[in-house]
Amino acid sequence: MINLTLYKREFKRSIKILIIFAAIITMYVSIIISMYDPELMKTLDDFVKAMPQLMSAVGMKANTTSLLGFMVSYLYGFILLIFPMIFCILRGNGLIAKYTENGAIVSLIAAPVKRRTVACTQIAVLVSGITILNLYTTILELVCAAVNFPGALDISKLLIINLGLFCLHLFIGSICFIFSCFFSDTKYSIGFGAGIPAFMYILQMLANAGGRAENAKYFTFFTLFNPDNIISSSNNSYINIFILLVSAIALYISSITIFCRKDLYI
Amino acid sequence: MCEIKIEHLTRNYGGGKGVFNLSFDVKHGEVFGFLGPNGAGKTTTIRHLMGFIKAQEGSCTINDLDCWKDSEKIQLKLGYIPGEISYFDDMSGTEFLKFTANYRKIHHNLQKDLLERFEFDPKIKIKKMSKGMKQKLGIVAAFMHNPDIFIFDEPTSGLDPLMQNRFIDLVIEEKKNGKTILMSSHIFEEVEKTCDRIGIIRQGKMAAIDSAAALKERHVRHYNVKLENETLAESFAKDFNGISNGLNVTVSARQSLEEIFMNYYGDDRK
């Protein structure tokens with residue numbers, strides 16, 4: 001199903017980016033969790049009340065009373081969405097389109113290895129990276145919460161939220177990957193692979209700002225991941241996570257088909 | 001038995017580019033020269049054989065296996081030198097050869113012999129390699145798993161004359177071992193030394209397929225020149241690559257590929 005030699009090489013190439021993003025996430029997560037403090041929160045809430053639109057555009061809302069609610073407001077609106085998304089864009093493009101463009105893919109295709117195996121291996125590399133990033137985030141959050149505020153965190157809810165986040169990133173990864181398979185030029189692969197998720201995120205920001213712009217939420221897949229709904233145990237949120245997962249799988253399977261049928265001018 | 005078989009292959013890129021209703025075959029143990037100017041469709045044909053692109057019409061088979069559907073089975077016993085070597089340039093040559101050996105799961109690796117033969121030290125990064133070095137890397141990667149069938153796309157480009165000759169020797173050796181070889185080139189001299197048969201392609205169509213000997217016969221002219229004294233005759237023979245016999249020197253003039261094409265088509269290029 002996958003070629004281990006190729007997997008090892010590509011995984012090694014992911015490590016550098018993973019370390020950088022893990023470092024950024026470590027910084028934000030540890031600082032923000034340590035900032036959870038009723039006194040300071042009041043200040044932040046005042047901030048939100050003063051400029052509700054601006055703050056909610058980046059996912060920050062008032063009245064975040066529990067530690068988890070606080071984390072959702074200040075981590076799940078921007079940092080934990082954007083950095084794994086950049087990882088998906090960089091790697092998604094680098095795994096196929098970059099090699100098609102510079103011709104290096106010839107050494108993968110002119111070998112007794114099926115194209116399907118090549119595509120599956122690259123998907124495995126991408127999914128491993130996303131998994132590691134999400135797993136690391138979860139462990140980090142649990143550790144930071146346990147150290148700073150023992151017992152304050154609703155662990156089971158956090159796990160569900162992070163499962164949703166994982167599915168969201170699998171889906172973003174699948175978007176990047178399908179364009180990487182479809183286009184032979186990195187400019188188009190990056191253009192669509194980065195452009196669509198970025199545009200969707202902007203729509204999400206608009207929708208968060210409220211008012212008439214709220215309708216924008218019907219046009220962005222970020223709506224499908226709603227940690228506030230998960231906290232309030234809304235039934236829809238589980239279905240939405242499932243939709244993200246199924247769409248991601250469908251896009252990965254389509255990517256494999258596209259890559260297998262593609263003409264390679266190498 | 002035909003090892004490589006192309007039947008009515010068509011791939012139209014538009015604007016007269018591509019290959020059109022192309023048919024030929026390469027028999028077992030034969031070296032086939034695939035000759036044509038730039039843009040004639042050599043690489044396009046090879047891409048079909050390698051399973052990189054799908055035939056619009058017609059078919060390509062190697063050992064009765066379809067080049068598109070059963071590509072990975074064919075690749076097991078196939079060695080390929082691409083027209084342009086563009087391997088992972090973040091790797092060094094050594095890393096790349098190791099990667100390829102593991103990726104292809106090669107058990108019996110001929111890499112060491114080949115590196116010595118081409119006096120090639122693959123330690124440096126592929127990114128920093130010259131055209132000739134990359135070409136050597138391509139040759140080593142194509143031969144190291146000891147394939148039965150070879151497909152070369154202008155294999156000696158970038159090599160110096162000494163290395164070109166080493167490559168030609170290698171091809172002749174492999175031919176003696178009963179390997180089947182398809183070699184594209186736009187240099188007549190390169191193919192005439194190694195090939196049994198030569199196919200000439202132009203504007204996507206096969207213009208002529210003939211034995212190398214017949215083509216050579218038809219396009220090489222011999223001249224007998226009589227000189228004043230023997231010293232002069234000898235130096236004349238040396239300068240013009242002729243054979244001296246007393247005062248007489250026989251020199252041969254080979255037509256250029258361009259002239260050979262004109263011979264087959266008439267000059268309709270202008």
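Quick note on labels: first sequence line is chain A, next is B, and so on, each numbered from 1.
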Which value, rounded to the nearest 0.5 Å, describes the distance between [X] atom [atom1] and [Y] atom [atom2]?
{"X": "B/K98", "Y": "A/R9", "atom1": "NZ", "atom2": "CZ", "answer": "13.0 Å"}
{"X": "B/E84", "Y": "A/I266", "atom1": "CD", "atom2": "CD1", "answer": "11.5 Å"}
{"X": "A/L264", "Y": "B/M50", "atom1": "CG", "atom2": "CE", "answer": "11.5 Å"}
{"X": "A/S107", "Y": "B/F99", "atom1": "OG", "atom2": "CZ", "answer": "6.5 Å"}
{"X": "A/R261", "Y": "B/K54", "atom1": "CZ", "atom2": "NZ", "answer": "7.5 Å"}

If you count heavy atoms of other groups shown closer than 6.0 angstrom to [atom1] of [X], is the number above 12?
{"X": "B/Q56", "atom1": "CD", "value": "yes"}
{"X": "A/Y136", "atom1": "OH", "value": "yes"}
{"X": "B/Y13", "atom1": "OH", "value": "yes"}
{"X": "B/K175", "atom1": "NZ", "value": "yes"}
{"X": "A/Y7", "atom1": "OH", "value": "yes"}
{"X": "A/F219", "atom1": "CZ", "value": "no"}
{"X": "B/F20", "atom1": "CZ", "value": "yes"}

Practice problem: Tell me, for A/K262 versus chain B, whether the close heavy atoms (under 4.5 Å) come from the side chain, the backbone, both or neither. | Solution: backbone

Self-check item: Contact origin within A/Y99 toward chain B - heavy atom pairs under 4.5 Å
Solution: side chain

Quiz item: In this structure, which one of B/Q75, B/K77, B/H145 forms a side chain to side chain contact (heavy atoms under 4.5 Å, CB included) with A/P112?
Solution: B/Q75

Quiz item: B/F88 versus A/N102: any side-chain heavy-atom pair under 4.5 Å?
Solution: no

Quiz item: Residues of residues 104-138 of chain B under 4.5 Å from chain A (heavy atom pairs)?
Solution: B/R104, B/K105

Practice problem: Between chain A and each of B/M91, B/K73, B/E95, count heavy-atom pairs under 4.5 Å; write down the option with the most. | Solution: B/M91

Quiz item: Any donor and acceptor pair, going by atom type alone, linking the side chain of B/Y103 with main-chain N or O of A/L108 inside 3.5 Å?
Solution: yes

Quiz item: Of all of A/T117, A/T5, A/L4, which one pairs up most often with chain B through heavy atoms under 4.5 Å apart?
Solution: A/T5

Exercise. Kindly give the heavy-atom pair with the smallest separation between B/I53 and A/D263, and that separation in Å.
Key: CA-OD1, 3.3 Å

Quiz prompt | Carboxylate-amine/guanidinium contact A/K12 B/D90, below 4.0 Å | solution = no

